[in-house]
Protein chains: 2
Amino acid sequence: MPARSTLRDRRRQQTAREIQSAMLRLAVRDGYGAVTTEMIATEAGISPRTFFNYYPNKEAALVGKSPEIGPDITESFRQGTGPLIKALFEALDRHLRDSYLNRDTIRMIDTLLERSPELVPQFYASLQTLTAQLAELIGQRQRAIGHHDAELLADMTTHALANAIRSWAQSETMPETDIASHARIQVERIGAIISDRQNENA
Amino acid sequence: MPARSTLRDRRRQQTAREIQSAMLRLAVRDGYGAVTTEMIATEAGISPRTFFNYYPNKEAALVGKSPEIGPDITESFRQGTGPLIKALFEALDRHLRDSYLNRDTIRMIDTLLERSPELVPQFYASLQTLTAQLAELIGQRQRAIGHHDAELLADMTTHALANAIRSWAQSETMPETDIASHARIQVERIGAIISDRQNENA
DNA sequence: GCACAATTCTGCACTGTGTGCAATGTTTGC
DNA sequence: GCAAACATTGCACACAGTGCAGAATTGTGC
């Protein structure tokens, strides 16, 4: 569901971004642990109670609302037949082109994750929606791949994608359109290490 | 530090296990969300405050305290020179032989993760200690592998290991000594998928 | 424009998590 | 058996998160 464009919905999205941005600003300034939901609400100009209408917890506000993969993309992924990894990252590439990525936002998240490494696992956990969606898609396209394997692969993919997005945010020159292929290259590098082919094509 | 065997330390370990077991019993009976730290404390025969002397939060009590990889194992892993994956899972195999795994405990965890899938990401996050240790070891042994790659690989390994332990707990017949090789096989299967070699050796 | 339906925002009361601190017990080394 | 080290506990407190009900706002049909 690619967000009906009623006034209400646009406002909702706007507020969600507002809250995330307030949270990030405060966390970068005062440290994640020092930020309370009350401070965020005040900074974002809403009541403390309303914060929880937008995000189920503090963590979630950090990551923000990321859109689901659209049905056109999932459809063509499911029905494709080429190499899985190629198709997977093509789908992610298309998905990224649909999403708005804000360099400054990602940079702030990056700063936080560097300053408070204990947040990193929590951060990846917040990407669960994407991971679960990917796992399901992989399972549907490639019936021969078991459930656990699909999940592991999806997890890895999300992880690599997050790494690629972080590199992109850090770099001044890397175009947004390179993110998916960056991630893909990392995954393939891992594949090579697993198969002990580290010194090939070096 | 392989746990000095003073009375104090043995008691500490015992209490930690006691708490975990209390938590699991209650969570299986009433559902994870319905269990409060106070209930756990009562069930385990300690004061509510003491609970937090053992575990930083409810999550952690679920997973329990798992011992670090001993220095003998890490030493020989770091200095080995063969294929990384082989060495990695050999080290894990030795590590598992040092640890006590309790089938019933794992089964209860398994039940919980099935009933409350929202716990799964949190669960993997709790294995962060192991993941971080593995990432560091990989980086030290194989200098050519970048930091991000080592982390991704470590994450995958931990994930696969958790899967293998869960299979072991479910099975009546699988010997404990097969866990590491199970995990290794999963990782290698993923490696093959990445490299689009799914139909080899089938 | 105007009523009224749907939705969203907010305040309030309440349960539960997690921490700091200081008093009180218990273990240990000597 | 004594003093230092460490563990347990109670208490007070700050904050997270939820349910509910009324106020405020926005969308809709006329």
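Just so you know, these numbers come straight off a predicted model, no measurement behind them. Proteins get letters first, then strands, A, B, ... in listed order; numbering begins at 1 in each.
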Please answer whether the main-chain N or O of B/V28 pairs with a side-chain N or O of B/R115 as donor and acceptor at a distance below 3.5 Å.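 Present.
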Look at the side-chain N and O atoms of [X] and state whether any lies under 4.0 Å from the OP1 or OP2 oxygen of [N].
X: B/R8; N: D/dT8; answer: no
X: A/T37; N: D/dA16; answer: yes
X: A/S47; N: C/dC9; answer: no
X: A/R11; N: D/dT26; answer: yes

Nearest whole angstrom, please: distance from the [atom2] of [N] to the [atom1] of [X].
X: B/F51; N: D/dT8; atom1: CZ; atom2: P; result: 14 Å
X: A/Q14; N: D/dT26; atom1: CD; atom2: P; result: 14 Å
X: B/E18; N: D/dA7; atom1: CD; atom2: P; result: 18 Å
X: B/I40; N: C/dG18; atom1: CD1; atom2: C1'; result: 13 Å
X: B/Y55; N: C/dT17; atom1: OH; atom2: P; result: 16 Å
X: B/I19; N: D/dT8; atom1: CD1; atom2: C1'; result: 11 Å
X: A/E59; N: D/dC15; atom1: CD; atom2: C1'; result: 15 Å
X: B/N53; N: D/dA5; atom1: CG; atom2: C1'; result: 15 Å

Of all heavy-atom pairs between B/A160 and A/L152, which one has the smallest distance, and what is that distance?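 For B/A160 versus A/L152, the nearest heavy atoms are CB-CD2, 4.1 Å.
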Whether B/R107 and B/E114 form a salt bridge (side-chain N of Lys/Arg under 4.0 Å from carboxylate O of Asp/Glu) is what I want to check. no
Give a yes or no on whether a salt bridge exists between B/K86 and B/E90, defined as a side-chain N under 4.0 angstrom from a carboxylate O. yes
When you measure only distances, ignoring hydrogens and angles, does the side chain of B/R49 come within 3.5 Å of the base of C/dG20 through a donor and an acceptor?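 Result: at least one qualifying N/O pair found.
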Side chain of B/F52 only, please: which of D/dG10, C/dG18, D/dT9 is the nearest? C/dG18
Side chain of B/K58 only, heavy atoms from C-beta on: which candidate in D/dA16, D/dT26, C/dG18 is closest? C/dG18
Contact class for [X] vs. all strands (heavy atom < 4.0 Å): base, sugar-phosphate, or nothing?
X: B/N57; value: sugar-phosphate
X: B/Y54; value: sugar-phosphate
X: B/T36; value: sugar-phosphate

Does B/K58 make a cation-pi contact with B/F51, if we ask for NZ or CZ under 6.0 Å from the ring centre and within 45° of the axis? no
By nearest heavy atom, map A/V35 and B/I46 onto DNA chain D; which one lands nearer the 5' end? B/I46
